[in-house]
Amino acid sequence: MSENIVIIGAGPGGYVAALRAAGLGARVTLIEKENLGGTCLNHGCIPSKILKHSADLMLKCLSAGSMGIKISGEVSPDISVLMQRKSTVLENQRKGLAGLLEKAGVNVVMGFAKIVAPGKIEVMTDPEQPISVAYDKLIIAAGTVPMNVTKFAFDHEKILSSNDILSLDYLPKSLTIVGGGVIGCEFAFIFSALGCEVTIVEAMDRVLPLPGVDESCSKLILREMKKRKIKVLVDTIVTRADAKNGGLEIFLDVSPFTKSAGKPKNPTLQSDVMAVCIGRSSLAKELGLENIGLETDKDGWIRVDEYMQTAVENVYAIGDILGPSHVMLAHVAYHEGLVAAVNACGSKEAPKTAMSYDAVPGAIFTMPEIGTVGLTEKQARDQGKDIETAVVNFRVLGKAHAIDQIAGEAKMIVEKASGKVLGVHMTGPHATDLIAEATLAVRKGLTAKDLADTIHAHPTLSEIMGETALKILNTPLHG
Ligand code: FAD
């Protein structure tokens, strides 16, 4: 008799787990309360990259003259066409996903799922008639929503969540972004390229203040923000936002999270709208976890072991609902989904598959992009590792000049004794694609020599990896 596996949430964690479990012969039910594809497809990765694509195009059009292409007439964004294109792409992707799940034999149930007893879930497809669904094994992949702050709560008109900003039907003249993390920085470049005056307010002392992002990336991206006239206030917090003159008056204070002293130069900001991008909140409290005795931590994140197994037998959890300690990225959710599905389908005696977080690439779609993997220089030094680092600028590459994108650099961190690549952190054109080679190197324990000995096609941006590896070996060619 095959396992009866139920999965709550059809984001990149849940739908991938469903496909893998079905492929392994399980009977699979996938429950989704909103849309197939979850945050990633509907409010995250994909819509933001659709906007980014248009923003890139806008900048290219504006510099077309110097590339020998004449554009007659005004170049300006058309937000309604942009949003229409976004809707079409998302709809097609959702249809594609539905087709994949159907082909795999996954039973998709649309509705709100709540666990009511061990082995039993109620799905609110129609409030009058909840459907009862039984499970042998449960995989929770319910994800998160944008974090709402009571002091300046979302009104969805002037104070916006990341979901709201991805569905705007007009372009505000000015936009203040609270939070200079990944989502905030991506929006800053997109909306600045589309013609908005953008200000970022960040509580920490740098933009992208994430432990996994090397400080060199933050510095370089701050320089690029200045070039694009994006204002950045670090060491600063927003305390309140009041309606004023059809827009907002935003009140600032010095951050309690950093060592900076003194008050902000200007205690208020005027802005048409404010987007709050300061984090995500867990959806665990809505799931009825108390009915199976599953506790979360104080922030609502579910705890699992390396097999994605919770403290309750036969219940697994994956994806963003595990919180920041597990890296909240779509491709991480995806891999956790594969691990949970394999373990849920295995017998008690079967060897289990463990999730590895050793080489998780980070892709940040700023302008230029950032790609990261492995240890930052600071992390390596804090761990007491004896390391060598090398930095090479993208401007040494012919391809970077050909495509007129010379801003950026790649930093490689290598263990001195073994030569093994511990981390690569790059800011530059197509860095989110280029990081794949570095990810393989970190995952497989390759050395800088392995990379230097690998022939990189010319002229390509991938040459940055070969050049940086050569520099580590003290045999630089162009960098
Ligand atoms: P989710 O994608 O959040 O899916 C969870 C699903 O569960 C949702 O569809 C939800 O409706 C459903 N659900 C919740 N509760 C219930 C219930 N009770 N019953 C039924 N269904 C339920 N990551 C990247 O890797 N790259 C990027 O470029 C990137 N860009 C992003 C940009 C933005 C603006 C945002 C907000 C996020 C971005 N992310 C990106 C993060 C990425 O979207 C998440 O890491 C990923 O979606 C997490 O997947 P998940 O399956 O854990 O959860």
Side-chain angles (χ1 to χ4, degrees), residues 6-18 29-52 94 97 108-116 121-125 130-131 133 138-147 160-167 177 179 181-188 190 275-289 300-302 304 308 317-324 326-338 340 360-366 369-372 432 435:
V6 173
I7 300 165
I8 301 178
Y15 90 75
V16 167
T29 301
L30 178 63
I31 310 172
E32 171 55 53
K33 70 179 167 68
E34 238 183 83
N35 278 307
L36 295 181
T39 302
C40 175
L41 177 55
N42 300 286
H43 309 291
C45 325
I46 305 300
S48 60
K49 269 81 249 182
I50 292 169
L51 263 65
K52 158 95 169 28
R94 284 193 289 261
L97 201 46
V108 175
V109 177
M110 297 306 290
F112 182 91
K114 184 166 181 180
I115 307 162
V116 289
I121 288 176
E122 252 176 27
V123 186
M124 292 295 180
T125 49
I131 296 176
V133 177
L138 174 66
I139 300 177
I140 301 171
T144 57
V145 284
M147 188 188 284
L160 309 175
S161 68
S162 55
N163 293 7
D164 299 325
I165 203 164
L166 288 168
S167 298
I177 298 173
V182 173
I183 295 175
C185 286
E186 289 188 5
F187 284 149
I190 291 169
V276 183
C277 304
I278 54 170
R280 310 279 304 173
S281 299
S282 166
L283 282 174
K285 60 182 173 301
E286 301 180 348
L287 295 171
L289 300 182
W301 308 119
I302 298 180
V304 290
M308 311 320 296
I318 55 173
D320 278 9
I321 203 154
L322 306 180
H326 282 251
V327 193
M328 297 164 81
L329 290 171
H331 41 283
V332 174
Y334 175 117
H335 274 270
E336 290 168 342
L338 295 176
V360 173
I364 307 177
F365 295 82
T366 39
E369 296 176 351
I370 297 175
T372 66
T432 60
I435 204 65

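Every value quoted in this text rests on a predicted model; they were computed, and no experiment measured them. First listed ligand is number 1; within each ligand, the first listed atom is number 1.
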Handout entry: For Phe112, atoms of ligand 1 separated by under 4.0 Å from a heavy atom
Key = 18 (N), 19 (N)
Fill in the blank from the handout: To atom 41 (C) of ligand 1, the nearest of Lys114, Glu336, Met328 on a heavy-atom basis is Met328
Handout entry: Closest approach of Trp301 to Asp320 (non-hydrogen atoms, all atoms of both residues)
Key = CZ3-O, 3.4 Å
Fill in the blank from the handout: Nearest heavy-atom approach of Cys40 to Ala330 is SG-CB, 3.8 Å
Handout entry: Exercise: identify the closest heavy-atom pair between Ile31 and Gly111
Key = CG2-O, 3.5 Å
Exercise for the section: Please confirm whether Gly111 comes under 4.0 Å of ligand 1, counting heavy atoms of the residue only. Expected result: yes
Problem - Glu286 N/O to ligand 1 N/O under 3.5 Å - result: no
Exercise for the section: Check each heavy atom of Ile321 against ligand 1 and say whether those closer than 4.0 Å belong to the side chain, the backbone, both or neither. Expected result: neither
Practice task
Below 4.0 angstrom from a heavy atom of Phe365, which ligand 1 atoms are there? Numbered from 1 as shown, please.
Solution key: 28 (O)
Completion exercise
If we number the atoms of ligand 1 from 1 as shown, the ones under 4.0 Å from a heavy atom of Glu34 are 11 (O)
Handout entry: Heavy-atom side-chain proximity of Met308 to Ile139 below 4.5 angstrom
Key = no
Practice task
Note the single closest protein heavy atom to atom 26 (N) of ligand 1, along with its residue, its atom name and the distance in Å.
Solution key: Cys45 SG, 3.8 Å
Problem - Shortest protein heavy-atom distance from atom 47 (O) of ligand 1, along with the residue and atom involved - result: Cys40 N, 3.2 Å
Exercise for the section: Without swapping roles, check the side chain of His331 against the backbone of Pro361 for a donor-acceptor pair under 3.5 Å. Expected result: yes
Practice task
Check whether any side-chain heavy atom of Lys33 sits under 4.5 Å from a side-chain heavy atom of Met124, and report yes or no.
Solution key: no
Problem - ligand 1 to Asp320 polar contact by distance, N or O atoms, under 3.5 Å - result: yes
Fill in the blank from the handout: Honestly, for Val182 the part within reach of ligand 1 (heavy atoms, under 4.0 Å) is neither
Practice task
Please identify which atoms of ligand 1 are closer than 4.0 Å to at least one heavy atom of Ala141.
Solution key: 5 (C), 6 (C), 7 (O)
Practice task
May I ask you to identify the nearest protein heavy atom to atom 11 (O) of ligand 1, giving residue, atom name and distance to one decimal place in Å?
Solution key: Glu32 OE2, 2.7 Å
Exercise for the section: May I ask you to identify, for Ala333, whether its side chain, its backbone, both or neither come under 4.0 Å of ligand 1 on a heavy-atom basis? Expected result: side chain
Practice task
Considering heavy atoms of the protein only, find what lies nearest to atom 28 (O) of ligand 1 and give residue, atom and distance to 0.1 Å.
Solution key: Lys49 NZ, 2.7 Å
Problem - Nearest heavy-atom neighbours spanning Gly288 and Lys114 - result: CA-CE, 4.0 Å
Fill in the blank from the handout: among protein heavy atoms, the one nearest atom 21 (N) of ligand 1 is Lys33 N, 3.1 Å
Handout entry: Non-hydrogen atom of Arg280 closer than 4.0 Å to ligand 1
Key = yes
Exercise for the section: For Ile31, counting its heavy atoms only, list the atoms of ligand 1 lying under 4.0 Å from any of them. Expected result: 20 (C), 21 (N)
Fill in the blank from the handout: The protein heavy atom nearest to atom 24 (C) of ligand 1 is Ala330 N, 3.6 Å
Exercise for the section: Please confirm whether Ile183 comes within less than 3.5 Å of ligand 1 when only nitrogen or oxygen atoms on both sides are compared. Expected result: no
Handout entry: Heavy-atom check, side chain of Ile121 versus side chain of Leu138, under 4.5 Å
Key = yes
Fill in the blank from the handout: Ranked by distance from atom 3 (O) of ligand 1, the top protein heavy atom is Thr39 OG1, 2.6 Å
Handout entry: Atoms of ligand 1 close to Leu283 [distance to a heavy atom under 4.0 angstrom, numbered from 1]
Key = 14 (C)
Practice task
I would like to know whether Ile364 and Thr432 meet side chain to side chain contact (heavy atoms under 4.5 Å, CB included); could you show each step before the answer?
Solution key: CA-CA 7 Å; Ile364 307 177; Thr432 60; 5.8 Å; no
Practice task
Run through Asn163, Asp164, Leu160 and flag the one making a side-chain contact (heavy atoms from CB on, under 4.5 Å) with Pro146.
Solution key: Asn163
Exercise for the section: Please report which non-hydrogen protein atom sits nearest to atom 33 (C) of ligand 1, along with the residue it belongs to and the distance in Å to one decimal place. Expected result: Gly44 CA, 3.3 Å
Handout entry: Subset of ligand 1 atoms that lie under 4.0 Å from at least one heavy atom of Gly319
Key = 52 (O)
Practice task
Check Ile318 against Ile321 and note the closest heavy-atom contact, atom names and distance.
Solution key: O-CG2, 3.5 Å
Practice task
Measure the shortest side-chain to side-chain distance between Leu36 and Val108 over non-hydrogen atoms and say whether it is less than 4.5 angstrom.
Solution key: yes
Fill in the blank from the handout: Residues Ser48 and Ile190: closest non-hydrogen pair is O-CD1, 3.6 Å
Handout entry: Option of least heavy-atom distance to atom 46 (C) of ligand 1 (set: Gly337, Gly9, Pro12, Ala17)
Key = Pro12
Practice task
Using a 4.5 Å cut-off on heavy atoms from C-beta on, say whether the side chain of Leu30 contacts that of Tyr15.
Solution key: yes
Practice task
Could you establish whether Ala363 and ligand 1 come within less than 4.0 Å of each other, counting only heavy atoms on the residue side?
Solution key: no
Handout entry: Side chains of Met328 and His326 in contact at under 4.5 Å (non-hydrogen atoms)
Key = no
Completion exercise
Gly143 heavy atoms within 4.0 Å reach ligand 1 at atoms 3 (O), 5 (C), 53 (O)
Problem - Test: Glu369 and Lys52 ion pair at under 4.0 Å - result: yes
